[in-house]
Amino acid sequence: MAKANTNNKEWNLAPAPESADHVQVKEKYDLFIGGKFRAPSGKKYFPTINPANEEVIAHIAEANERDVDMAVKAARKAYREVWSKISAAERGKYLFRIARLIQERAREFAIIESMDGGKAIRESRDVDIPLAAAHFFYHAGWTDKLQYAFPHQKVEPLGVAGQIIPWNFPLLMAAWKIAPALAAGNTVVLKPAETTSLTALKLAELIQDAGLPNGVVNIVTGAGPTGRALVEHPDVDKIAFTGSTDVGKMIQRSLAGTRKKLTLELGGKAANIILEDATIDQAVEGIINGIFFNQGHVCCAGSRLFVQESIASEVDRRLKHRMNSLILGDPLDKNTDIGAINSKGQLATIESYIAKAKKEGLEMFQVDCAVPRKGFWCRPTLFSDVAQSSVIAREEIFGPVLAIQTFRTIDEVIDKANNTPYGLSAGVWTDKGSRIFNLTSRLRAGVVWANTYNKFDPTSPFGGYKESGFGREGGVHGLRAYVKLDA
Ligand code: ADP
């Protein structure tokens, strides 16, 4: 595929594409139920495409209610007959084995992730896949130590967990969900997002190779109706959902009054705040990382930038300079910073927000780079002097679009940053530790990064306030969502 570097010749690099020759992708993928791949009972398959060139990569089975029922039954049987019977240390061995196999096959996973989802290989290779392995390693260590995680309490698994994940971090989200569930002794039915099912299905193959007892992990593919069937299935004990706030609210309504436990990780509209004493270059790099890498397809993306007035013009200048050096193009190229937008539908959503912001009369800056003819692409975009009332300061865009606002005082920026229905994450850039503590304790966000952004670790809980959801993933807090505690 033709590389689309920026027009700025200074930054042009020779193409360095990752070879996909050794990657094995089948033409057709069935459902993973009870340890075996099975054709969907409705015999329907849907294509999964490479968003960078619109070519069909494979066909994915569409699970209907009957298939979901079979998967839940398989998970229940495995829970009752095997997983709840074996020792905790034995469970840990399986998790360690899965972690090691992910590491061994990391390169293949990274390439498939970039082909199916559009993200730059640098991200999938250096972030997604290593973190997925790290989640299994971390939780493997907890399996036989749950009584230390929750001292003086009787710790029991919940049973069967239904898990629904989005398309922005496909394998990593699967790991975030599956690893703690298994560590705590539950079995799982996981539904990946319809545009990015491939690495979850490759994970199913890996799980077979790891010898995990049949039915402990089941993977059903499909779109919203498949997810709904899982949510509504009467024999599921817990639903863990990551996705849009709208679907999260629907799920919460449908589970109201049932015995099922629920955790939701939903949208965000994170504030990244630069104070006048910050190291500007470091902050600019963090802002770029927070919103443009991964095409802004991150629920904790730093999509609102608040800059203290005295440094606003300097930050603006350096930000635009750095944006001009970003390389947009082939996700499999190791030099690429910005890959493809995940789907045609998502590109249309992003473009509609850009159009609305232009209509509001906001000043736009867009990197002037060529984009490939085929595929779904959006140039890194920023809007300056955005008002609090602007649609791009209020709503989640899930694309590489940054809304910049300025402020004078700390109280003002805290008010502005908290003035959102979301509360997932935030970032603070300053030289003074006291200011970090002041801001981090007053920002209503589940995660606040200081002098860095988008840093993840399995030991550290992640999750939101307000319409960003409830419950935490990662760390001991994340395990809590998969156990019953009796004092
Ligand atoms: P996004 O906007 O990030 O695509 P969605 O909330 O639409 O977020 O999708 C996240 C996940 O939820 C996907 O796996 C999707 O298939 C699933 N999903 C969509 N609609 C429903 C629904 N009504 N019930 C359960 N899951 C759903």
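Ligands are counted one by one from 1 in listed order, and the atoms in each one are counted from 1 as well. When a residue number appears, it is its place in the shown sequence, counting from 1.
The protein atom (non-hydrogen) at minimum distance from atom 13 (C) of ligand 1 is I165 O, 3.5 Å. Scanning the protein heavy atoms around atom 23 (N) of ligand 1, the nearest turns out to be M250 CE, 3.2 Å. From the protein, the heavy atom lying nearest to atom 3 (O) of ligand 1 is W167 NE1, 3.6 Å. Of the protein's non-hydrogen atoms, I164 CG2, 3.7 Å is the one closest to atom 17 (C) of ligand 1.
Between G227, G224, P225, it is G224 that holds the heavy atom closest to atom 18 (N) of ligand 1.
When only interatomic distances are considered, the shortest N/O to N/O separation between K191 and ligand 1 falls below 3.5 Å. Checking only distances, V247 never comes within under 3.5 Å of ligand 1, N or O to N or O.
The ligand atoms of ligand 1 that sit less than 4.0 angstrom from a heavy atom of S244 are 2 (O), 5 (P), 6 (O), 7 (O), 8 (O). Shown in contact with A193 at under 4.0 Å from a heavy atom are these atoms of ligand 1, numbered in order with element: 14 (O). Within the listing of ligand 1, atoms 14 (O) sit less than 4.0 angstrom from a heavy atom of P192. Shown in contact with R228 at under 4.0 Å from a heavy atom are these atoms of ligand 1, numbered in order with element: 23 (N), 24 (N), 25 (C).
One N or O on the side chain of Q295 and one on the backbone of A340 form a donor-acceptor pair closer than 3.5 Å. The closest donor-acceptor contact from the side chain of E467 to the backbone of Y422 lies at 3.5 Å or more, if one exists at all.
Taking the six-membered ring where the residue is Trp, W167 and F398 present perpendicular rings, their angle passing 60° and hence far from 30°. Ring-plane geometry between W142 and Y138 is classed as perpendicular, the angle between the planes exceeding 60 degrees on a 0 to 90 degree scale with a lower cut at 30.
Contacts between E194 and ligand 1, counted as non-hydrogen atom pairs separated by less than 4.0 Å, involve the side chain only. Contacts of A223 with ligand 1, taken as heavy-atom pairs under 4.0 Å, involve the backbone alone. Proximity of N168 to ligand 1, defined as any heavy-atom pair under 4.0 Å, is not found for any part of the residue. Counting heavy atoms under 4.0 Å from ligand 1, residue F241 touches it through the side chain alone.
Side-chain rings of F456 and F462 approach one another, their centers coming within less than 6.0 Å. Under the 6.0 Å cut-off for aromatic ring centres, W449 and Y453 qualify, their centroids lying closer than that. If you look at W176 and F136, their ring centroids are not closer than 6.0 Å.
Judged purely by distance below 3.5 Å, without hydrogens or angles, the side chains of D330 and T336 never pair a donor atom with an acceptor atom.
For the residue pair L443 and A417, the shortest heavy atom distance occurs at CD2-CB, 3.7 Å.
The closest approach between a heavy atom of S254 and any atom of ligand 1 is not below 4.0 Å.
Distance check for atom 9 (O) of ligand 1: every protein heavy atom is found at 4.0 Å or beyond.
Between W377 and I341, the closest side-chain pair of non-hydrogen atoms is not below 4.5 Å.
Under the salt bridge (charged side-chain N to carboxylate O under 4.0 Å, His left out) rule, D237 has a single partner from R259, K484, K260, K261, which is R259.
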